[in-house]
*Asks:* 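Please read through the structure below; I'll follow up with questions.
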Amino acid sequence: MVVGAGLGGLATALRLAKKGYEVEIIEKNSQAGGRLNQLKKDGFTFDIGPSFFSMSYEFKEFAKDCNIELPFKYVELDPLYTVNFSRSPKTYRLYKDIHKLAEQFKDVEPDFEVKMRKYLKNGKSLFDDTVDIVIKDNYNTVFSYLLTLMKVNPKHLPVLFRNFWQQVCRYFSSDDAREIVSLVAFFLGRTPFDTPAVYTLLSYTEFQHDGYYNVEGGMYKIVEGILGELQKENVKITYNTEIVNFISNGNKLEALVDQNGKSWHRDVIVVNSDAASFRGKIFKRAKFTEAKLDKMEWTMGPLTIYLGLKCKLPQVEHHNYYLGDNFKDYANKIFQASGTLEKPYYYVNVLSRNNADCAPEGCESLFFVCPVPDLRFKKNWDDKEAIVNSIIADFSARIGQDIVPEIISKTSYSPIDWESKFNLHRGSGLGLSHKMFQIGAFRPKNFDEKFKNVFYVGASTVPGTGLPITMISSKLVVKRIEKLKN
Ligand SMILES: Cc1cc2nc3c(=O)[nH]c(=O)nc-3n(C[C@H](O)[C@H](O)[C@H](O)COP(=O)(O)OP(=O)(O)OC[C@H]3O[C@@H](n4cnc5c(N)ncnc54)[C@H](O)[C@@H]3O)c2cc1C
C-alpha cells in the first residue's frame, strides 16, 4: 500500500503494479497529485505548484521501465524564462543559445559569453563527476556513501567550501549577471547564499544538458496520465483518508490507522508523506520530534497566488522572474523571524499563454510564487491579503498595465495552507533542503530504521526534491522493495 498520491506515490505505485505487485493508494485529499496539483475555478485552470521540469529523460526512463508510452506531452522552453529587475526597464531572456544570451549582457558584463562558457564548463564537470554517484543509488550506510564520494575527482574539493553565490562571483562581476545566474538556487528552495556551490551544476542542466520543459495542457496532465495507467492496472485509490496512527508488533508494522479509526493491515507500506515529518508525527521517533524537525534545514515557504484575468497580457511571457534591488537582503530575511516582507521577489507563470484551454477566450490564467519565510519564522499570515495586493500592484507597475480591474478569479495559499493541505512541515514548499549533511546517506532514508516492511518515497527522502528527482526516488524505493523478495 502507498500512503499519499503525490508524484512519488503515483510513480512508485505504477512501477510496482507493472512488476506484478497488488497495489493500492490512500490519499488525505480528494484529488491526486500532492504538490503537483490543479485548481479549477471560475472557468480557469491553474497548476498549483510545479510549472516546469528538468531532466526530461527521467520521465522517459519511467515510461520505458513501465513499458508504456509517456502519458503526457512536454514542450521545451526557450527562452527558459525572463528576468526583470526593479532597477531597470530591461527584460532579460534566458536563451539556451549562449551567444544570443550574451548579447543582452554586453553593456553590463564585459566578456559575458566567455565567462558563461567557462562557468558552464565547470558546471558540466561537476555534473559528470557527481550526479550519478549522489542521486542514482541507494546507500545503506553513511560509510558506504562516503567511500563512494571519495571516488569524486579531488579537483572539485575547493567547491565544497563555497556557497553558490561565492562560486558565481568568481566568474561574473555585475549584479545583473550574478543575480540572474544564481536564481536557480531558489529552484532548490533555498537562496544562493546558503546553497552549496556544487549545485552550480544546475546552471549546466538548465542551459546545456537538458533544459526546462512545460507540459501541454498544464502540468497536471502528468498526474492525469499516470492515473490513467494506474486504472489500467486496477490500482485502487481511496481519497479523503489520512493516516494518523499505527499498530506495530516488534519490527513489523501491523497496520496504519486513519482519521476515522480504520486500520489498514498491509504487508508492505510505502510512505509518500514527508519522510522526516511522518517519522516524527506518526511513528513518534525520537530523532524526528517537533523540536528536532524544526532544527533541520528546510526549504522556504511558498506564497502562491492564482489569478484569472478578463484580458490578455501579450507583454508577459510564459515564465518570468521579477526581482527587486535588495537581492541579498531579501534572501537573508527569508530564513529569519520577520513580520513584514518588503518588496517581495516573485515568479509569474502565464499558463494560458501556451495552453489556451486553461482560460476562457480572451482571458489569462496567472500563477505567482513568492519565496517567503516558513512558519517557524513567520507564523502569522493575517497580512496575506496585503502582501498579495502589494505583489499584484508591483506586477502591474512592472508590466505597465493595471491588472486589478481585470481580476475575475483570485485565490492565494500561504505556508499555512501548504502545511495543512499536504502535511508539509511548517509549510516548507520543497521539503528538506539539500545542504551537504541532508543529502545522500545523510537524508532520511528510503527504508524505515525499525519496521522492515516500511519504505519512503518523495521529496524529503533520497535523492531529493523536484519532479524528476522524485521520479528517481520512485526507482530507488522499488529497488529496495524488490530486495525483500530475495
Ligand atoms: C509552489 C511550488 C512550486 C514548485 N515548482 C516546481 C517546479 O517548477 N518544478 C519541479 O520540478 N518541482 C517543483 N516543486 C517541487 C515539487 O512539487 C515536489 O518536489 C514534488 O511534487 C514532490 O512530490 P512528492 O511525491 O514527494 O510529495 P507530495 O506532492 O507532497 O505528495 C505527498 C502526498 O501525500 C499525501 N499525504 C501526506 N500525509 C499523508 C497522510 N498522513 N495520509 C495520507 N496521505 C498523506 C499528501 O496529501 C500528498 O498528496 C514545487 C513545489 C512547490 C510547493
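Computed from a predicted structure; not experimentally measured. We count ligands from 1, going down the list as the structure has it; atoms in each ligand are counted the same way.
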*Asks:* List ligand 1 atoms under 4.0 Å from Gly6, heavy atoms only on the residue side.
*Replies:*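 It comes down to these atoms of ligand 1: 25 (O), 29 (O), 31 (O), 33 (C), 49 (O).
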
*Asks:* I'd like to check whether Leu424 has a polar contact with ligand 1, where a contact means an N/O of the residue lying under 3.5 Å from an N/O of the ligand.
*Replies:*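 No - when backbone and side-chain N and O of Leu424 are compared with those of ligand 1, no distance drops under 3.5 Å.
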
*Asks:* Can you confirm, on distance only, whether ligand 1 has an N/O atom lying under 3.5 Å from any N/O atom belonging to Gly9?
*Replies:*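 No: no nitrogen or oxygen of Gly9 is under 3.5 Å from one in ligand 1.
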
*Asks:* Mark up the atoms of ligand 1 that fall under 4.0 Å of a heavy atom belonging to Gly34, in ascending order.
*Replies:*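 Contacts of ligand 1 toward Gly34, numbered from 1: 29 (O), 31 (O), 48 (C), 49 (O).
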
*Asks:* Using the six-membered ring of Tyr345, assess whether NZ or CZ of Arg398 lies under 6.0 Å from its centre and within 45 degrees of the ring axis.
*Replies:*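 No; the conditions do not both hold, so Arg398 does not lie above the ring face of Tyr345.
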
*Asks:* Validate the cation-pi geometry between Lys421 and Tyr413: distance from NZ or CZ to the six-membered ring centre under 6.0 Å, angle to the ring axis within 45°.
*Replies:*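 Yes, Lys421 lies over the aromatic ring of Tyr413.
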
*Asks:* Any Lys/Arg nitrogen of Asp383 or Lys378 sitting under 4.0 Å from an Asp/Glu carboxylate oxygen of the other?
*Replies:*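 So Asp383 pairs with Lys378 through a salt bridge.
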
*Asks:* Give a yes or no on whether a salt bridge exists between Glu69 and Lys64, defined as a side-chain N under 4.0 angstrom from a carboxylate O.
*Replies:*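 Looking at Lys64 together with Glu69, the answer is no, because their closest N to O distance does not fall below 4.0 Å.
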
*Asks:* Would you say the side-chain atoms of Lys41 and Thr411 include a donor-acceptor pair closer than 3.5 Å?
*Replies:*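 Yes.
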
*Asks:* Under 3.5 Å between some N or O of ligand 1 and some N or O of Phe53?
*Replies:*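 No; the residue has no nitrogen or oxygen that sits under 3.5 Å from a nitrogen or oxygen of the ligand.
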
*Asks:* Any nitrogen or oxygen of Thr465, side chain or backbone, less than 3.5 Å from one on ligand 1?
*Replies:*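 Yes.
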
*Asks:* Do ligand 1 and Glu242 have nitrogen or oxygen atoms that lie under 3.5 Å from each other?
*Replies:*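 In fact, backbone or side chain, Glu242 has no N or O that close.
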
*Asks:* Run the numbers for me: atoms of ligand 1, each under 4.0 Å from some heavy atom of Val3, listed by number.
*Replies:*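 Near Val3, meaning under 4.0 Å from one of its heavy atoms, ligand 1 has 42 (N), 43 (C).
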
*Asks:* Going by distance only, is there an N or O of Ala459 that falls short of 3.5 Å from an N or O of ligand 1?
*Replies:*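 Checking ligand 1 against Ala459, an N or O pair does fall under 3.5 Å apart.
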
*Asks:* So is Lys379 actually on top of Trp381's ring, under 6.0 Å and inside 45° of the axis?
*Replies:*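 No; the conditions do not both hold, so Lys379 does not lie above the ring face of Trp381.
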
*Asks:* If you take the nearest heavy atom of each of Ile243, Leu10, Thr12, which one is closest to atom 41 (N) of ligand 1?
*Replies:*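 Comparing heavy atoms across Ile243, Leu10, Thr12, the nearest one to atom 41 (N) of ligand 1 lies in Ile243.
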
*Asks:* Quick one: does Phe187 get a heavy atom under 4.0 Å from ligand 1?
*Replies:*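 Contact check Phe187 vs ligand 1: negative.
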
*Asks:* As an exercise, identify every atom of ligand 1 less than 4.0 angstrom from a heavy atom of Phe52.
*Replies:*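 That gives atoms 7 (C), 8 (O), 9 (N), 10 (C), 11 (O) of ligand 1.
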
*Asks:* For Thr241 and ligand 1, answer yes if some heavy atom of the residue is under 4.0 Å from a ligand atom, otherwise no.
*Replies:*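 Judged by the 4.0 Å heavy-atom criterion, Thr241 does count as contacting ligand 1.
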
*Asks:* Should the pair Asp448-Arg480 be classified as a salt bridge under the 4.0 Å nitrogen-to-oxygen rule?
*Replies:*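 Arg480 and Asp448: not salt-bridged.
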
*Asks:* Give a yes/no verdict on a cation-pi contact between Arg443 and Tyr139, requiring under 6.0 Å between NZ or CZ and the six-membered ring centre and an angle within 45° of the axis.
*Replies:*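 Not flagged: Arg443 not positioned over aromatic ring of Tyr139.
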
*Asks:* Say whether Thr304, considering both its backbone and side-chain N or O atoms, lies within less than 3.5 Å of an N or O atom on ligand 1.
*Replies:*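 There is no such contact.
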
*Asks:* For Lys475, is there an ion pair with Glu58 - N to carboxylate O distance below 4.0 angstrom?
*Replies:*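 A salt bridge links Glu58 with Lys475.
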
*Asks:* Judged on heavy-atom distance to atom 46 (C) of ligand 1, which of Glu27, Lys28, Lys421 sits nearest?
*Replies:*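 Looking at heavy atoms only, Glu27 sits closest to atom 46 (C) of ligand 1.
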
*Asks:* Record the part of Leu467 in heavy-atom contact with ligand 1 below 4.0 Å; permitted values are side chain, backbone, both and neither.
*Replies:*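 For Leu467, backbone and side-chain atoms both sit under 4.0 Å from ligand 1.
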
*Asks:* Closer than 4.0 angstrom, basic N to acidic O: yes or no for Arg426 and Asp294?
*Replies:*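 Judged by the 4.0 Å cut-off on N to carboxylate O distance, Arg426 and Asp294 do form a salt bridge.
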
*Asks:* Does any donor atom in the side chain of Thr91 or Asn84 lie under 3.5 Å from an acceptor atom in the other side chain?
*Replies:*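 There is such a pair between these side chains.
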
*Asks:* Within the structure, does Gly458 bring an N/O atom to less than 3.5 angstrom of an N/O atom in ligand 1?
*Replies:*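 No: no nitrogen or oxygen of Gly458 is under 3.5 Å from one in ligand 1.
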
